[in-house]
Amino acid sequence: MRTFDYARVQSPAQAVGSHGAPGQPAYLAGGTTLLDLVKLDVMQPDRLVDINHLALKQVEPLADGRVRIGALVSNTDLARHPLIRQHYAVLSQAILAGASTQLRNKATTGGNIMQRVRCNYFRDGVSPCNKRQPGSGCAAIGGHNRSVHAVLGTSEHCIATHPSDMCVAMLAIGAQVTVQGPQGIGEIPFADFHLLPGNTPWLEHALKPHELITHVTLDAPLANSRSAYLKLRDRDSYQFALASSAVIVVMDGQRVKDARVAMGGVGTKPWRALEAERALIGQQAGIELFTQAGERAMQGARAYEHNAFKIPLGQQVVTRNLRDLTA
Ligand code: SF4
């Protein structure tokens, strides 16, 4: 049996400061990822810093039209919040498409951003996995790589998808992640927060050592926009995306005036489909345009032995979402 220390903190500064204690720490919020991985012996923190008592549970409108979300707002509370439902439908839909009711009640905004990959070889604790044990190899390349493995943003060292639905919607909306660390408070653009695996797949995010996410601030919603999240998966609940899309459009009659497209289930990080957006903006809406946008979204995709189906599926999840949203 492994033993670990436990500390309950009352402020972000205290949380960050508690890292001065010896050993490898981990922040405990909802625990829906961390406790699983500790039980599986994939993560072995020496010290759990319980941040559940921090005052980070508010969703607040800001004077400039943005919305600030505390890192400890539960996924359920965020999805059901009137501001989110009214102005950020895509975010509410994406959260409700993820996990189960019980998990959403416990899981937090900060924890969702920080969740780890669902690759079976990462979680089994014994297979070669560069993310769990740098330099050991990647059992998924050449192994079973169907549902939670990517076709965009992969490297020869890791091909696991980022599992979050919420993050895909936040990427489409645009956001800033506020972090507090030993050196003070800083902000990271959401698009830069998650890292591609490259040669260092064990580095998953832009947080510096000991930094804690305190808030996420969503950009002001695009005026007169409509938005939707579409998730395709093996079964209709409690399942990760094979391919998903978060789409926001502003229409000017039949013309696409503005568009944001982000994808889940296909990339090693939440994936912004900038080429699809460029194809859409200023063009006459219609199935030909939406098909072209779907193809552009998957530009540069590379399939592995069991997941080639994700390339046409990714195209379809963008095309269908655009078609339905503009119908
Ligand atoms: Fe590990 Fe990534 Fe390979 Fe999965 S895909 S075994 S997480 S290195």
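When reading the values below, keep in mind they use all heavy atoms of this one structure, side chains included, and skip hydrogens, waters and symmetry mates. Counting starts at 1 for both ligands and their atoms, in listed order.
- Shown here are the protein N/O/S atoms lying under 2.8 Å from atom 4 (Fe) of ligand 1, water excluded: C119 SG.
- Between the side chains of Q102 and N105, no donor N or O sits under 3.5 Å from an acceptor N or O.
- A donor atom on one side chain and an acceptor atom on the other are found under 3.5 Å apart for S244 and Y229.
- Summarising the geometry of L171 relative to A262, their closest heavy-atom pair is CD2-CB, 4.1 Å, with the distance given to 0.1 Å.
- With respect to atom 8 (S) of ligand 1, the closest heavy atom belonging to the protein is H157 O, 3.3 Å.
- When heavy-atom distances to ligand 1 are checked against a 4.0 Å cut-off, R132 has no atom that comes that close, whether in backbone or side chain.
- A salt bridge between D234 and R146 is present, with a side-chain N of the basic residue lying under 4.0 Å from a carboxylate O of the acidic one.
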Name each donor-acceptor pair under 3.5 Å that joins a side chain in residues 278-303 to protein atoms two or more places apart or in another chain, with its distance.
| unit_1 | atom_1 | unit_2 | atom_2 | d |
| --- | --- | --- | --- | --- |
| R278 | NH1 | E275 | OE2 | 2.7 |
| T291 | OG1 | I287 | O | 2.7 |

If you look only at distance, which donor and acceptor atoms sit under 3.5 Å apart when one is on a side chain in residues 28-38 and the other is two or more places apart or in another chain?
none

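- Identified under the salt bridge (Lys or Arg N to Asp or Glu O under 4.0 Å) test for residues 89-116, with sequence neighbours left out: R116-E204.
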